[in-house]
Amino acid sequence: MTFVFYDTETTGLRIGFDQIVHFAAIKTDNDLNEIERFEIRSRLLPYVIPHPKALVTNGLPIDKLIDRSLPSHYQMVRQLRRRLLEWSPAIFVGFNSIRFDEEMLRQALFQTLHPAYLTNTSQNCRADAMGLALSASALAPDVLEIPLSDTGRPTFRLEKLAAANGIAIGESHNAVTDTLSTLGLCRLIKGEAPDVWQRFVRFSKKATVSQFVDDEDGFVLTEFYANEAYHTPVVSLGPDPTATSTRRLCLRLDVSIDHLTRLSDEELQAELSKKPSPVRSVRTNAAPTLTALFDATEEMLGSRPFDEFEDIARRIKDDQALKDRLITTYDIAHPQLRTAAMPEHNIHTGFPDDDDAYRLASFHKASWPEALQLAMELSHEGLRTFGSRLVYCEARSQVPQDLRHEIECELMDRLTVETPWGFTLQQAISEIDDLLAQRRDRNGVLVD
């Protein structure tokens with residue numbers, strides 16, 4: 001079995017609107033021995049404004065982001081994709097990657113007209129080492145030293161966790177360093193808590209997660225918010241109608257089943273609309289953290305015996321009418337989000353049809369004029385936008401003047417018009433002023 005550990009450094013946290021500027025990955029064997037290493041940087045896209053706080057965190061000076069000797073964003077994505085495909089099939093592992101790095105990588109592939117789901121297609125699997133660390137802290141508490149934040153609460157930030165366990169490699173928030181830190185934590189847990197590690201590897205596979213969730217008479221779902229773990233005993237109700245192959249709807253076992261059954265349809269809809277809802281949606285393709293009831297600790301079960309939850313779970317699993325009603329009502333209470341106006345939001349609106357797939361494959365082999373023609377023939381509106389934008393960034397002179405003007409007006413809006421998802425020049429200047437104000441002493445003098 002091959003593992004690929006990776007990390008990204010980005011211009012900010014806006015998935016789809018910020019960009020990767022530094023990518024690193026390490027390929028290992030089944031025993032986590034390093035086989036090969038890859039690292040690449042990219043220069044800044046002309047329509048992306050880096051967040052000043054991100055630059056402070058990453059330690060990236062502006063002159064490095066606009067260095068013409070660096071590959072363009074498109075060239076970087078082409079190279080990293082080629083390397084990751086060479087290393088496939090593998091289990092791809094990052095730290096807090098399912099929520100962030102994975103989505104940034106998918107958007108980078110999507111916006112450069114490549115298949116977006118590299119890490120969980122073609123026999124590849126994915127997993128998140130942050131979930132592994134949180135599982136280890138709950139199931140094997142003697143393995144990891146968990147540091148405390150300034151407020152005295154446990155923190156699972158990678159740099160603090162690595163340092164507390166003697167795995168500090170170098171400067172944090174560097175893609176190579178963070179990849180090595182993630183690998184070091186995984187080696188530690190694999191050696192000291194092999195059962196936790198095996199569960200982590202097992203649930204990197206979507207099919208295994210689906211089978212476990214469907215077959216178990218209840219289990220503990222561990223979810224993470226603000227670096228803290230929340231354990232909830234649940235039982236599967238069945239597939240989510242909006243995503244039958246990748247999601248399961250599960251009911252919390254600590255709610256009153258008799259109370260739910262007595263509610264009218266309107267009352268049940270209101271109950272399932274609450275936050276947090278009694279119903280949880282489990283993404284089977286996102287390496288969720290799951291624990292069988294009989295393996296769960298007293299803390300995870302809230303000091304209630306596991307067989308009590310097991311009896312409740314069996315009662316629910318045997319009541320098909322109740323499960324159907326809960327699924328139907330939850331679906332009504334949580335309508336699907338409509339397709340957003342911005343093309344970046346359309347990554348999940350379906351796979352390209354056969355004609356578009358042929359055009360996309362041909363795009364990367366064609367001359368720039370031919371590539372632009374192929375892009376304009378795409379039926380997927382978002383991909384059509386990205387294709388013409390990509391040619392503009394890579395070969396501006398090859399774009400007809402009227403289309404060039406249209407693209408430039410759209411990109412200018414990115415720099416000047418405030419939106420819920422964007423970041424303008426004026427917003428960046430305001431953020432810089434705030435950061436400078438925080439570094440001034442009482443006399444207004446800048447301090448380090």
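Here, residue 1 is the first one in the sequence, and each next residue gets the next number.
In this structure, CD1 on Ile167 lies 7.5 Å from CG on Leu144, to the nearest 0.5 angstrom.
For Arg389 and Glu344, the salt-bridge test passes: some basic side-chain N is under 4.0 Å from an acidic carboxylate O. The pair Glu102-Arg106 counts as a salt bridge, with a side-chain nitrogen and a carboxylate oxygen less than 4.0 angstrom apart. Salt-bridge formation is not detected for the pair Arg187/Glu34: no Lys NZ or Arg NE/NH1/NH2 atom is positioned less than 4.0 Å from an Asp or Glu carboxylate oxygen. Salt bridge absent: Arg82 and Glu86 never bring a charged side-chain N and a carboxylate O closer than 4.0 Å. With respect to the salt-bridge test (charged N to carboxylate O, under 4.0 angstrom), the residues Asp356 and Arg359 qualify.
Relative to the ring axis of Phe23, Arg83 does not place its NZ or CZ within 45° and under 6.0 Å from the centre.
Ring planes of His345 and Phe17: perpendicular class, angle over 60° (limits at 30 and 60°).
More than 12 heavy atoms of other shown residues, nucleotides or ligands fall within 6.0 angstrom of atom CD in Glu36. Enclosure of atom CD in Glu410 by more than 12 non-hydrogen atoms of other residues, nucleotides or ligands within 6.0 angstrom is indicated.
With sequence neighbours left out, Ser367 forms a side chain to side chain donor-acceptor pair (under 3.5 Å) with Glu370.
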Tabulate below the donor-acceptor pairs under 3.5 Å that side-chain atoms of residues 189-207 make, not counting sequence neighbours, or state none.
| unit_1 | atom_1 | unit_2 | atom_2 | d |
| --- | --- | --- | --- | --- |
| Ser204 | OG | Val201 | O | 2.6 |

Show me the donor-acceptor pairs within less than 3.5 Å that the side chains of residues 400-407 make with the rest of the protein, sequence neighbours left out.
| unit_1 | atom_1 | unit_2 | atom_2 | d |
| --- | --- | --- | --- | --- |
| Arg404 | NE | Val399 | O | 3.4 |
| Arg404 | NH2 | Val399 | O | 3.1 |

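In the model, Gln427 has no side-chain atom that pairs as donor or acceptor with a side-chain atom of Glu431 under 3.5 Å.
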